[in-house]
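What's counted below: heavy atoms across the whole structure, side chains too, no hydrogens, waters or symmetry copies. Chain identifiers are assigned alphabetically (A, B, ...) following the order of the sequence lines, protein sequences preceding nucleic acid strands; residue numbering begins at 1 within each chain.
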Amino acid sequence: MSSSIALRHARHLCTTTAAAATATAAKLSGPLSISQTKSKLRHEYDPDMALQIYSSFTSSNNHSSSTSSVRYAQEFTVRRLAKSHRFSDIESFLESHKTLPQITEEAFLASLIRSYGVAGMFENALKTFDEMTDLGTPRSSLSFNALLTACVHSKLFDRVPSYFNEIPAKYGLSPDKFSYGILIKAYCEMGSPEMAIEKLNEMEEKGIEVTPVTFTTILHGLYKKGRNEEAESFWDERVTKKGCIPDVGAYNVRLMHIHGGEVEGVKKLIDEMSNAGIKPDAISYNYLMTSYCKNGMMDEAKKVYDELGSKGCNPNTTTFRTLVFYLCEQGRHVTGYKVFKESVKLHKIPDFNTLKYLAEGLAKNGHKNEVKAMIRTMNKKFPPNMLKAWGKLVEDLGLAPIDTNEFDSGESEMAST
DNA sequence: ATAGGGTTAG
């Protein structure tokens, strides 16, 4: 009952596309579990379908509609709509939540602010924050932080310090470690790590916990400005002198900035973190693998990939993209094809350009069967709007054209890479 | 529960 209005609204939006509604009726017959919802949303590129999946989920979970899973689904749906530039639909969708009884729960309202931020609709986020008094929703740092996050997502970085200075006093709330984290992020994004460090010191003075997250934001900000020596001394100062315990994310920032150089340095840092009791993750191993690739050591790179499982890590899209790309570059197209097949199995398919590189390389080197198998796979796996570019590539390679005229709209994450 | 770290080659 609680999300019936949002649900009705979602259904109304869905019926605006007759084809989508028909497809929906066939595809979705009952309530969805959390994992079904996440999986379906990830693979759904049509925003109307995303809305339908959202409503199908919330309708069966209205007893816990302010949980993180609903927020995830809500943000994801908004992201899909935003990619199609359907901002007025986002507004109707999110505004419809304001008539639900849960709107007086701060967490529920904060998720609307965050969703507006994800869509880059900051003015709506601010309006929602301002409306809290009228809606009867209490304000704490939770909604304040949601507003600051919306600034960052909307790339209005310079507003973060202003709100940080004005809002807490106005509404009697206290900035916490998250508020400071967002403020520090904003300063780093504005190219001002020194201001970020100043705020870090302020946190310490006020006794607000400095976590590896806060510390990593600044480390990254310094490296991004090319201030490598300062980054290194910042690490030494925080870790060696002030006892900040770096985590895998902090080490990954360091790996990111050295993986273009010699392999030895990367291996040494991986050893260093392991010795410090921090388990490298897939991102860490991606840097090691890339480092091998850049130095032409493909067997070693492949070995890192092959041994990921035994290290308790799963390859991700970046793993596959990098490995396939460098295998092609080294002329090892058939191995590249085999790795591609594994990426399909794991639903971690590389971006279009990498696949194009692979298909062209296979074709040029006479591996016709592999190209044909690849085409069959991709005709099934590519999001609709990419089939057109894929069909053109297939034609350019002198292979049978496919009819993609019926697919000519929508956006996808793959396409943008 | 809200803040950080991957989009690396062409």
Side-chain angles (χ1 to χ4, degrees), chain A residues 66-72 75 105-111 113-115 117 140-153 160 164 175-189 196 199-200 203 208-224 231 244 246-261 266 273 278 280-294 301 313 315-330 348 350-354 356-358 360 413-417:
Chain A
S66 58
T67 65
S68 63
S69 299
V70 175
R71 281 211 315 276
Y72 175 93
E75 279 189 29
E105 291 168 25
E106 188 180 12
F108 184 82
L109 186 141
S111 81
I113 295 177
R114 295 165 53 82
S115 289
S140 75
S141 60
L142 186 74
S143 45
F144 173 54
N145 294 344
L147 185 71
L148 296 184
T149 301
C151 287
V152 170
H153 284 151
V160 176
F164 193 92
D176 57 14
K177 61 179 172 182
F178 300 106
S179 325
Y180 271 98
I182 305 160
L183 178 66
I184 283 169
K185 170 75 175 166
Y187 277 126
C188 288
E189 288 288 339
K199 293 297 161 188
L200 188 77
M203 286 176 84
I208 297 170
E209 183 197 9
V210 174
T211 70
V213 176
T214 337
F215 158 79
T216 302
T217 310
I218 295 177
L219 188 71
H220 183 52
L222 287 167
Y223 276 123
K224 222 168 52 180
C244 181
D247 62 7
V248 60
Y251 272 101
N252 283 345
V253 169
R254 287 178 72 192
L255 286 168
M256 176 167 58
H257 287 89
I258 65 160
H259 85 283
V266 179
M273 64 193 285
I278 294 152
D281 65 9
I283 294 174
S284 321
Y285 286 119
N286 278 350
Y287 289 127
L288 179 62
M289 189 189 76
T290 307
S291 181
Y292 279 127
C293 288
K294 282 177 189 255
C313 298
N316 55 33
T317 308
T318 305
T319 315
F320 287 114
R321 183 206 313 197
T322 305
L323 192 55
V324 169
F325 177 83
Y326 282 102
L327 284 168
C328 289
E329 204 183 53
Q330 301 282 324
K348 302 278 165 63
D351 64 291
F352 181 83
N353 286 331
T354 303
K356 183 175 180 231
Y357 196 39
L358 175 61
E360 286 170 345
E413 286 169 343
M414 275 173 151
S416 58
T417 54

*Record whether the side chain of A:Asp247 comes under 3.5 Å of the base of B:dG4 through a donor-acceptor pair of N or O atoms.*
yes
*Would you state whether a donor and an acceptor, one from the side chain of A:Asn252 and one from the base of B:dG6, lie under 3.5 Å apart?*
no
*Check every strand shown and say whether A:Tyr287 touches a base, only sugar-phosphate, or nothing at a heavy-atom separation below 4.0 Å.*
base
*Taking atom P of B:dA1 as reference, at what distance in whole Å does atom CD of A:Glu209 sit?*
16 Å
_Ignoring hydrogens and geometry beyond distance, is the side chain of A:Thr216 in donor-acceptor contact with the base of B:dG4 at under 3.5 Å?_
yes
*Which is true for A:Val152 with a 4.0 Å heavy-atom rule: it touches a base, it touches only sugar-phosphate, or it touches nothing?*
nothing
*Tell me what A:Lys294 touches on the nucleic acid: a base, only sugar-phosphate, or nothing, going by heavy atoms under 4.0 Å.*
sugar-phosphate
*OP1, OP2 of B:dG5 versus side-chain N and O of A:Lys185: anything below 4.0 Å?*
yes
*At under 4.0 Å between heavy atoms, what does A:Arg254 touch on the DNA or RNA strands: base, sugar-phosphate, or nothing?*
nothing
*asked:* Just to be sure I understand the rule, does A:Thr149 reach a base, reach only the sugar-phosphate, or reach nothing, if contact means heavy atoms closer than 4.0 Å?
replied: sugar-phosphate
*Would you say A:Arg321 reaches B:dG10's phosphate, i.e. side-chain N/O to OP1/OP2 under 4.0 Å?*
no
*asked:* Any N or O donor-acceptor pair under 3.5 Å from the base of B:dG5 to the side chain of A:Asp281?
replied: yes
*asked:* I need the CD1-P distance between A:Ile218 and B:dA3, as an integer number of Å.
replied: 17 Å
*Is a donor-acceptor contact shorter than 3.5 angstrom present between the side chain of A:Ser179 and the base of B:dA3?*
no
_Assess whether a salt bridge exists between A:Arg71 and A:Glu75, defined as any Lys/Arg side-chain N lying under 4.0 Å from an Asp/Glu carboxylate O._
no
*asked:* When you compare the side chain of A:Leu183 with that of A:Leu148, does any pair of heavy atoms fall below 4.5 Å?
replied: no
_What's the closest nucleotide to the side chain of A:Ala250 if the choices are B:dA3, B:dA9, B:dG4?_
B:dG4
*Is there a donor and acceptor pair closer than 3.5 Å between the side chain of A:Thr318 and the base of B:dT8?*
no
_Measuring only between side-chain heavy atoms, which start at C-beta, is A:Val160 closer than 4.5 Å to A:Glu189?_
no
_Between A:Thr214 and A:Thr211: side-chain donor-acceptor atoms closer than 3.5 Å_ = yes
_Under 4.0 Å, heavy atoms only, any strand: does A:Thr214 hit a base, just the sugar-phosphate, or nothing?_
base
*Compute whether any side-chain donor of one residue and acceptor of the other, for A:Asp176 and A:Ser141, lie under 3.5 angstrom apart.*
yes
